[in-house]
There are 2 protein chains.
Amino acid sequence: MFSKTTEYGIRAMIFIMSNSLQDKRVRLKEIAAAIDSPESFTAKILQNLSKANVVDSVKGPHGGFEINKDKMQTLTLIDVVIALDGNKLFEGCGLGLKACNSEKPCPLHQHFLEVRTKITAMLVENKIIDLAQDLQTGLSFLKQ
Amino acid sequence: MFSKTTEYGIRAMIFIMSNSLQDKRVRLKEIAAAIDSPESFTAKILQNLSKANVVDSVKGPHGGFEINKDKMQTLTLIDVVIALDGNKLFEGCGLGLKACNSEKPCPLHQHFLEVRTKITAMLVENKIIDLAQDLQTGLSFLKQ
DNA sequence: TTTATTTAAGATAAACTTGTCCTAAATAGA
DNA sequence: TCTATTTAGGACAAGTTTATCTTAAATAAA
C-alpha cells in the first residue's frame with residue numbers, strides 16, 4: 001500500500017509529534033532508534049518532510065526535529081503521504097490505463113473509486129496528534 | 001495499489017475471458033495489442049498465470065491462451081492478484097512493523113484492517129467473467 | 001574564534017521491479 | 001519427417017526504490 005518511504009515517514013512523524021507534545025525536540029538518532037528504521041534513509045525522508053514544511057528542523061547542538069504549535073492540531077496522515085509520495089495513491093487508473101475516466105472507464109473504474117475513497121477518508125480522518133496520543137498512552141507501538 | 005505485473009495480468013485475463021466466452025483461443029500478440037502492454041513482459045506474466053493454473057496455454061500453431069469452462073464462472077480478481085503478487089496486499093503491517101497485531105498494534109492497525117477489508121471485498125466480489133461481459137458490451141475498455 | 005553537534009545535500013551502491021532478447025520445447029499441418 | 005507457429009524458460013538490461021556514505025552548512029557553547 002504505502003512505500004517504505006511513507007511507512008518510515010508516518011512512523012517518524014508520530015514519534016516526533018509525541019515529543020513535540022512535551023515540547024521536546026528530537027534528533028535523527030533518537031527517531032531512527034525509536035521507530036527502528038535505517039538512519040541515513042530516515043534522514044532523507046525527514047529532509048523531504050522538512051522541505052515540504054510538514055516538520056521543522058533545527059541544525060546544530062540541541063537541534064533536531066519538531067512540529068510547530070500551529071500545525072500540531074491540523075496535521076493528518078494525508079499531509080505526510082502527499083509530501084512523500086505525491087498524489088500517486090489518489091490519481092491514475094487502477095489498471096494503469098492512460099486515459100481512464102467515467103466516460104471511458106476501465107473495467108474496475110467504479111470499484112476502484114470506492115476503495116480509493118475509503119483510503120482517502122482514512123488518511124484525512126486520522127490526525128497525527130491523535131495517533132501520537134495513542135502511542136503515549138501505550139495503546140499502540142512504533143517498532144517490532 | 002497494484003504492481004505493473006498485476007495491472008497487465010488483470011487486463012490480460014479480462015481480454016482472454018472475453019474471447020473464451022466465444023470459444024476463441026488468443027495468442028500473446030493479440031493480447032498485448034488488445035491491452036497495450038509490452039509483449040515480452042506480458043509473456044512472463046501469462047507464463048506465471050499458467051503455472052498457477054489461472055489460465056491455460058497451448059503451444060504451437062493455433063495455440064494461445066484460454067480459460068477452461070470449469071473456471072470461467074468462478075475466477076475472480078483475487079485469484080489473479082494472489083497468483084501474481086501473492087499475499088503481499090493482505091498480510092503484513094501497513095506501517096511495516098514486523099510484529100503488529102491486535103495485542104501490540106501499530107497506530108494504524110484498526111484503520112488499516114478496514115481498508116484492507118474493503119480491498120479484499122472488491123477483489124472477491126468481482127468475477128472476471130462479469131468484467132469481460134462489460135468489456136464486450138462496450139461498457140468498459142482495456143487500453144488508452 | 002574554535003570545537004562539537006546536528007541537519008542538508010549530493011554521490012553512490014544495493015535490491016527489486018519492469019522490460020527485452022534469445023534459444024528450447026511443443027505441436028499442427030504439409 | 002520437416003517446417004512454421006507458438007508458448008516456456010533463462011539470461012540479461014534498464015529503471016525505480018531503498019539504503020549508505022561523505023562532505024558541507026548551520027549553530028550552540030566554550
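It should be emphasised that the depicted structure is a prediction, and the values quoted were computed from it without experimental measurement. All values below come from the heavy atoms of this structure, side chains included, with hydrogens, waters and symmetry mates left out.
Shown here is B:Lys29, whose NZ atom has no more than 12 heavy atoms of other residues, nucleotides or ligands within 6.0 Å.
Chain B approaches DNA chain C over the interval C:dT17 to C:dG29, counting the first and last nucleotide 5' to 3' with an atom under 4.0 Å from its heavy atoms. Here the range on DNA chain D touched by chain A, meaning any atom under 4.0 Å from one of its heavy atoms, is D:dT17 to D:dA29.
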Enumerate donor-acceptor pairs with a distance under 3.5 Å from any side-chain N or O in residues 49-58 of chain B to protein atoms, sequence neighbours excluded.
| unit_1 | atom_1 | unit_2 | atom_2 | d |
| --- | --- | --- | --- | --- |
| B:Ser50 | OG | B:Ser57 | OG | 3.4 |
| B:Asp56 | OD2 | B:Asn68 | ND2 | 3.1 |

Using distance only, find each side-chain donor-acceptor pair of residues 106-115 of chain A under 3.5 Å and give its atom names and separation, not counting sequence neighbours.
| unit_1 | atom_1 | unit_2 | atom_2 | d |
| --- | --- | --- | --- | --- |
| A:His111 | NE2 | B:Asn126 | OD1 | 3.3 |

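Within the structure, salt bridge (charged side-chain N to carboxylate O under 4.0 Å, His left out) contacts touching residues 8-28 of chain B (residues at least two apart or in different chains) are B:Asp23-B:Lys69, B:Arg25-B:Glu66, B:Arg27-B:Glu30. Within the structure, the ring pair (Phe, Tyr, Trp, His ring centres under 6.0 Å) test picks out no pair touching residues 73-104 of chain B (sequence neighbours left out). Within the structure, side chain to side chain donor-acceptor pair (under 3.5 Å) pairs that include any residue of residues 127-141 of chain A comprise A:Gln22-A:Gln136 (at least two apart or interchain). For residues 30-80 of chain A, the ring pair (Phe, Tyr, Trp, His ring centres under 6.0 Å) pairs, not counting sequence neighbours, are A:Tyr8-A:Phe41.
Not a single salt bridge (charged side-chain N to carboxylate O under 4.0 Å, His left out) links B:Glu125 to another residue, sequence neighbours left out. Partners of B:Asp36 according to the side chain to side chain donor-acceptor pair (under 3.5 Å) rule, which considers only residues two or more places apart in sequence or in another chain, are A:Lys98.
Near-neighbour residues of DNA chain D inside residues 19-57 of chain A, defined by a heavy atom below 4.0 Å, number-ordered: A:Pro38, A:Ser40, A:Phe41, A:Lys44. Near DNA chain D, meaning a heavy atom under 4.0 Å from it, residues 79-87 of chain A has no residue at all.
A single hydrophobic cluster is seen to contain both A:Ile128 and A:Leu135, as judged by linkage of ILVMFWY side chains at heavy-atom distances under 4.5 Å, directly or through other members.
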